[in-house]
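Following: one structure in structure tokens, then a few remarks.
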Number of protein chains: 2
Amino acid sequence: MNNELILACDLGGTNLRMATVNVKGEILHLVKLDTPKAKHPAEIAHLITEAAKQCRTAVRRFGTVRALAAAVPATINAADGIILKSPNVPALDGFRFSSIISNELSLPVILENDANAAAIGEHAFGAAKNFQNAVIVTLGTGVGGGIIINGNILRGINGTAGEIGHICVEQFGAPCGCGSVGCLEQYASATAIVRLVRELADEYPNSVLRGKTQITSFAVYQAGIAGDELALEVFRRMGFYLGAALADLVNVLNPEVIVIGGGASAAWDLFIKHVREQIRRHAFREPGETVKVVRASLGDDRAGILGASKLAFDQMI
Amino acid sequence: MNNELILACDLGGTNLRMATVNVKGEILHLVKLDTPKAKHPAEIAHLITEAAKQCRTAVRRFGTVRALAAAVPATINAADGIILKSPNVPALDGFRFSSIISNELSLPVILENDANAAAIGEHAFGAAKNFQNAVIVTLGTGVGGGIIINGNILRGINGTAGEIGHICVEQFGAPCGCGSVGCLEQYASATAIVRLVRELADEYPNSVLRGKTQITSFAVYQAGIAGDELALEVFRRMGFYLGAALADLVNVLNPEVIVIGGGASAAWDLFIKHVREQIRRHAFREPGETVKVVRASLGDDRAGILGASKLAFDQMI
């Protein structure tokens, strides 16, 4: 197995990362591109195959690439390799990913939901490594989730389990890309942080964030660290809703650990106390005191890639 | 195994049922009592041991009682047989159930959460029989839940998993016995139905339920069937919140079936359309269309008893 390699692809709403990974979880070559704002899936497929060829060529002397494993921000049919619904990259809705990419590269292709892949990565190599029952939440462009039960990822009957970002936290809340309203994703994603800044800006005339045309969740975090009241209120709301949804999961799943990762988790210092307060407020005492709430350790750029490669190696054995 | 028997006890907020059950799930003898409004756990323990002795004596010619298995409306520590928190029978908080009952009866004692027991019962003998991934909700004095994943009950790390009744459906909602606010239990239990009638009565001057001092959830159901607008509004709200919480579970667990039982499920005809509407509104399309939502088939009086006995037989084998 030592010279067998996997092409692992993490397709996010913002970036597309392709890597060659060995069985130890070491990344031998990495390509990072912007995810195109494509109308047609062929455009994204072309970018993926080009990046895959580049990664494959680059590692030729280290070993043989045996499969491509892709993590995508979508509900999927894993058995048939089809993307079902991809709220943040809507061009991919209904795309027959595995068969098309497999034809282009003459490789087996494994498809996984990005949050499940990140969960598998954190469980195999990261912050959930020594836990058999874990919830992994990824705060990115959207909010993804993966659930580990007795050491295995929970897939459910259609393979769509783990959609923590679509727990309803406000019955008449903000509309969501999934078609529902009040989803956690509308209060705890990087996108939501920026929207909340715009919604609340009028109430904070002294905020440094007022009137800025380009705001990122990281800029909101920096403003919060510097004491900006608008930014602090946004992270209070984010932590309030994230904590409410996680308290539900503490009551329903009674996990050992909740791992929080993704780009928007950079603001950890500003939202985590509100998350913990909500778990204390809403969860039953014993499971609420038992659960550890920790930051993801692999980083947003590696969890999905390492999880996807782990999945491929497990399927090859 | 054919002449081995289990004493199975279902201790509810309203009734205490004790039965002798054989391995086929047949109830050979049943005792039903009112649950005492006790201040001290010894009073309830005494009632349980007396009922157990009566059931044991009654079946002497059919076989040998090998264990007592009890389903209680509480979070429990199964390994040590301790009741942790029992919101609807608070006298039992912290009670060392198994060691005390075991001493009295000289029998092994198995303790289980009532909703888990009902879930195991429905999975072994009832509406979830042929499904490997199921959610079972019990609408009684409180709202209990049990989750079957890959054919096994989900316990979590402390054994407290499955507390579906304490999913938060209103962030600033009605206070709950568990210490939180806005729990599903406050909108979908028999107790909640009666409270909602009282809260809304002033808006419905023509309702037959106005001014009644003793109202039961079944009387509210009967009024609704007869077209009473207050009763219909109460069940609309109940279905709205129950459906919202179940939609969360559809997104998180992607189960094959959701089984709804318990006394308050008698009003099925009046709330189920609102439940289904909420699942359509909030859940992802594929898992929402896949999941079957069905009534429990064992009946409130048998699910917990048969589940507890199944658990005991499984542990004896």
Side-chain angles (χ1 to χ4, degrees), chain A residues 75-77 84-85 87 131-133 135 145 147 149-150 152 154-171 173 176 178-184 240-241 244-245 247-257 278 280-291, chain B residues 75 77 84-85 87 131-135 145 147 149-150 152 154-171 173 176 178-184 240-241 244-245 247-257 278 280-291:
Chain A
T75 55
I76 58 154
N77 175 333
L84 299 175
K85 191 162 176 64
F131 300 99
Q132 294 299 295
N133 293 282
V135 171
I147 297 165
I149 290 178
N150 299 330
N152 297 308
L154 177 72
R155 298 188 181 281
I157 186 68
N158 303 106
T160 68
E163 287 291 353
I164 292 167
H166 301 276
I167 291 175
C168 180
V169 291
E170 270 298 350
Q171 298 301 336
C176 185
C178 77
S180 180
V181 299
C183 293
L184 174 63
F240 176 89
Y241 286 113
D248 288 346
L249 295 178
V250 168
N251 280 339
V252 170
L253 302 175
N254 183 204
E256 296 169 270
V257 67
Q278 284 287 79
R280 264 196 304 276
R281 184 169 171 248
H282 285 298
F284 271 46
R285 196 181 56 79
E286 203 194 16
E289 287 177 358
T290 299
V291 69
Chain B
T75 54
N77 175 331
L84 299 175
K85 192 162 175 63
F131 300 100
Q132 293 301 295
N133 292 283
V135 171
I147 296 167
I149 290 178
N150 299 329
N152 296 308
L154 177 71
R155 298 190 181 280
I157 186 67
N158 303 106
T160 68
E163 287 290 353
I164 293 166
H166 301 277
I167 291 175
C168 181
V169 292
E170 270 298 349
Q171 298 300 336
C176 184
C178 77
S180 180
V181 300
C183 293
L184 173 62
F240 176 88
Y241 287 112
D248 288 345
L249 296 178
V250 168
N251 280 339
V252 170
L253 303 175
N254 182 205
E256 294 168 272
V257 68
Q278 284 288 79
R280 264 195 305 275
R281 182 169 172 248
H282 285 299
F284 271 48
R285 196 181 56 77
E286 203 195 17
E289 287 178 357
T290 299
V291 68

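Letters A, B, ... mirror the listed sequences (proteins, then strands); counts begin at 1.
Counting only distance, with no hydrogens or angles, the side chain of B/Q171 and the backbone of A/V169 share a donor-acceptor pair below 3.5 Å. Between the side chain of A/N133 and the main chain of B/I157, no donor-acceptor pair closer than 3.5 Å is present. Using a distance-only test at 3.5 Å, with no hydrogens or angles considered, a donor-acceptor pair links the side chain of A/N254 to the main chain of B/N158.
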Derivation and outcome, side chain to side chain contact (heavy atoms under 4.5 Å, CB included), residues B/D248 and A/H166: CA-CA 7 Å; B/D248 288 345; A/H166 301 276; over 6 Å; no
Working for side chain to side chain contact (heavy atoms under 4.5 Å, CB included), residues A/F284 and B/T75: CA-CA 9 Å; A/F284 271 46; B/T75 54; 3.1 Å; yes
From CA spacing to verdict: side chain to side chain contact (heavy atoms under 4.5 Å, CB included), A/V252, B/V252: CA-CA 10 Å; A/V252 170; B/V252 170; over 6 Å; no
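Contact of A/P287 with chain B is made through backbone and side chain together, with heavy-atom distances under 4.5 Å. Proximity to chain B involves both the backbone and the side chain of A/I167, based on heavy atoms less than 4.5 angstrom apart. Only the side chain of B/E170 comes within less than 4.5 Å of a heavy atom of chain A; its backbone N, CA, C and O stay farther away. Of the two parts of A/R285, neither the backbone nor the side chain holds a non-hydrogen atom closer than 4.5 Å to a non-hydrogen atom of chain B. At a 4.5 Å heavy-atom cutoff, the contact between B/V181 and chain A is made by backbone and side-chain atoms alike. Proximity to chain A is absent for every atom of B/F131, based on heavy atoms less than 4.5 angstrom apart. Interface remark: A/L154 contributes side-chain atoms only to the contact with chain B (heavy atom separation under 4.5 Å). Both the backbone and the side chain of B/L253 come within less than 4.5 Å of a heavy atom of chain A. Only the backbone of B/R155 comes within contact range of chain A, with heavy atoms under 4.5 Å apart.
If you tally non-hydrogen atom pairs under 4.5 Å between each of B/Q132, B/E256, B/K85, B/R280 and chain A, the highest count goes to B/E256. Among the candidates B/T160, B/L84, B/I149, the residue making the largest number of heavy-atom pairs closer than 4.5 Å to chain A is B/T160.
For A/F240, the ring-ring contact (aromatic ring centres under 6.0 Å, His included) test picks out B/F172, with sequence neighbours left out. For B/R281, the side chain to side chain donor-acceptor pair (under 3.5 Å) criterion is met by B/Q278, not counting sequence neighbours.
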